[in-house]
**Student:** 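Can you read through this structure? Questions will come right after.
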Amino acid sequence: MPVKLIVVIVLLGLSLLLDLYGLTGEGGAVVYIRIALNIALLAGLLRGQEWARGLAKVMGILCLVGGGIVLVQLLALGSLIFLIPTLGYIALISVGLLLVYGTFLLWTMGQADVQEWLASRNLRD
């Protein structure tokens with residue numbers, strides 16, 4: 001398994017754990033959808049399914065679009081986001097991580113070694 005794909009699987013697992021932890025507080029339908037998508041994506045990538053690569057690309061695009069929208073909103077607020085300094089920094093760092101994750105996910109799913117590994121894994125099963 002390529003190291004890039006291992007990193008994606010670890011990040012998806014962490015995201016799933018955070019979503020499951022979020023169920024202890026207030027959660028809505030969005031949390032359940034995210035949990036279902038993460039489970040499906042993890043299972044699909046581990047089994048080498050081609051649809052999982054397509055779903056990962058869609059999730060990467062959604063991360064970039066959502067992160068971009070939130071970043072524009074944060075930038076529009078200007079210095080108001082730093083009325084509570086820690087909260088402002090956490091918001092900017094969170095958006096930055098979302099944008100980096102979306103970019104990494106798209107880049108990883110486009111790599112030839114990941115595509116070859118997924119195809120070979122699917123053919124073995």
**Student:** Could you see if L77 belongs to whatever hydrophobic cluster contains V72? Use Ile, Leu, Val, Met, Phe, Trp, Tyr and a side-chain cutoff under 4.5 Å.
**Tutor:** no
**Student:** May I ask whether L55 and L62 are part of the same hydrophobic cluster, defined by side-chain heavy atoms of I, L, V, M, F, W, Y residues being less than 4.5 angstrom apart, directly or through others?
**Tutor:** no
**Student:** Mind listing the closest non-hydrogen atom pair of L83 and P85 along with its distance?
**Tutor:** O-CD, 3.5 Å
**Student:** Linking I/L/V/M/F/W/Y whenever their side-chain heavy atoms sit closer than 4.5 Å, directly or via other members, would L71 and F82 fall into one cluster?
**Tutor:** yes
**Student:** Working to the nearest 0.5 Å, report the span between CG of L11 and CZ of F104.
**Tutor:** 7.0 Å
**Student:** Can you name the closest pair of heavy atoms from G110 and Q115 and give their distance?
**Tutor:** O-NE2, 3.5 Å
**Student:** How many angstroms lie between atom CG of L45 and atom CG of L12, to the nearest 0.5 angstrom?
**Tutor:** 6.5 Å
**Student:** Does the side chain of L106 come within less than 4.5 Å of K57's, by heavy atoms?
**Tutor:** yes
**Student:** Does the side chain of Q111 come within less than 4.5 Å of L5's, by heavy atoms?
**Tutor:** no
**Student:** Between V114 and I61, is there a shared hydrophobic cluster once you connect ILVMFWY residues whose side-chain heavy atoms come closer than 4.5 Å?
**Tutor:** no
**Student:** So with a 6.0 Å cut-off around OH of Y89, is the heavy-atom count from everything else above 12?
**Tutor:** no
**Student:** Please assess I81 against L87 for the test side-chain contact (heavy atoms from CB on, under 4.5 Å), listing each intermediate value before the final yes or no.
**Tutor:** CA-CA 7 Å; I81 62 171; L87 188 60; over 6 Å; no
**Student:** Could you check whether any side-chain heavy atom of P2 comes within less than 4.5 Å of a side-chain heavy atom of E116, counting everything from C-beta outward?
**Tutor:** no
**Student:** Please answer whether the main-chain N or O of L99 pairs with a side-chain N or O of T103 as donor and acceptor at a distance below 3.5 Å.
**Tutor:** yes
**Student:** Does the side chain of L46 come within less than 4.5 Å of M1's, by heavy atoms?
**Tutor:** yes
**Student:** Within a strict 4.5 Å, meaning less than it, do heavy atoms of the L64 and Y101 side chains meet?
**Tutor:** no
**Student:** Only one of L105, L98, L97 clears side-chain contact (heavy atoms from CB on, under 4.5 Å) with C63; which?
**Tutor:** L98
**Student:** Inspect the surroundings of CG in L14 and state if more than 12 heavy atoms from other residues, nucleotides or ligands are less than 6.0 Å away.
**Tutor:** yes
**Student:** Look up atom OG1 in T86 and atom CD1 in I90, then write down how far apart they are to the nearest 0.5 Å.
**Tutor:** 6.0 Å
**Student:** Show the nearest heavy-atom pair for residues A52 and G44, with the distance to one decimal.
**Tutor:** CB-C, 3.5 Å
**Student:** Hey, are the side chains of M59 and N38 touching, using non-hydrogen atoms and a 4.5 Å cut-off?
**Tutor:** yes
**Student:** Please say yes or no: joined through hydrophobic side-chain contacts below 4.5 Å, possibly via intermediate residues, are I84 and V95 part of one cluster?
**Tutor:** no
**Student:** Roughly how far, to the nearest 0.5 Å, is CG of L37 from OH of Y32?
**Tutor:** 15.0 Å
**Student:** Atom CG of L74 and atom OG of S94: how far apart are they, to the nearest 0.5 Å?
**Tutor:** 9.5 Å
**Student:** Main chain of W117, side chain of S120: is a donor-acceptor contact present, judged purely on distance under 3.5 Å?
**Tutor:** yes
